[in-house]
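Each remark here refers to the structure printed beneath this line.
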Amino acid sequence: MIIPWQELEPQTLINLIEHFILREGTDYGETEISLSEKVEQIKAQLKNGEVLIVYSEETDSIDIQVKP
């Protein structure tokens with residue numbers, strides 16, 4: 001089930017995005033990006049439809065996934 005990001009409370013959305021980012025591990029790119037910058041990047045991807053918030057009833061979990 002797709003959860004519209006606009007329906008989440010602002011702090012809940014930030015918490016979800018931070019959890020997603022921190023779960024993904026360390027970024028070893030050329031330049032380090034702060035957590036707040038990463039959060040803004042994911043929020044922008046949600047707003048333009050590149051990624052979706054998806055709830056799985058089967059696993060009772062929520063995730064951010066690239067739009068198919």
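FYI, the numbering just counts along the sequence from 1. Quantities reported herein were computed from a predicted structural model and do not represent experimental measurements.
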> Looking just at side-chain N and O atoms, do Tyr55 and Asp63 make a donor-acceptor pair shorter than 3.5 Å?
Replying inline: no

Rounded distance (nearest 0.5 Å) linking atom [atom1] of [X] with atom [atom2] of [Y]:
X     : Y     : atom1 : atom2 : result
Ile62 : Met1  : CD1   : CE    : 9.5 Å
Ile21 : Ser36 : CD1   : OG    : 9.5 Å
Gln45 : Ile17 : CD    : CD1   : 9.5 Å

>> Run Ile64 and Ile42 through side chain to side chain contact (heavy atoms under 4.5 Å, CB included) and show every step you take.
In response: CA-CA 9 Å; Ile64 297 174; Ile42 299 294; 4.1 Å; yes

>> Around atom CD of Glu9, are there more than 12 heavy atoms from other residues, nucleotides or ligands closer than 6.0 Å?
In response: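 No, because the 6.0 Å sphere around CD of Glu9 holds 12 heavy atoms or fewer from other groups.
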
> In this structure, are over 12 heavy atoms from other groups packed under 6.0 Å from Glu57 atom CD?
Replying inline: no

Do the non-hydrogen side-chain atoms of [X] and [Y] ever get within less than 4.5 Å of each other?
X     : Y     : value
Ile53 : Leu8  : yes
Glu50 : Val66 : no
Trp5  : Lys47 : yes
Gln65 : Leu52 : no
Lys67 : Val51 : no

> Under 3.5 Å, is there a donor-acceptor pair between the side chain of Glu37 and the main chain of Ser34?
Replying inline: yes

> Transitively linked via ILVMFWY side-chain contacts under 4.5 Å: Leu46 with Leu35?
Replying inline: yes

>> Tell me the closest heavy-atom pair linking Ile33 and Lys38, and the distance in Å.
In response: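 Closest pair (atom of Ile33, atom of Lys38, distance): O-CE, 3.5 Å.
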
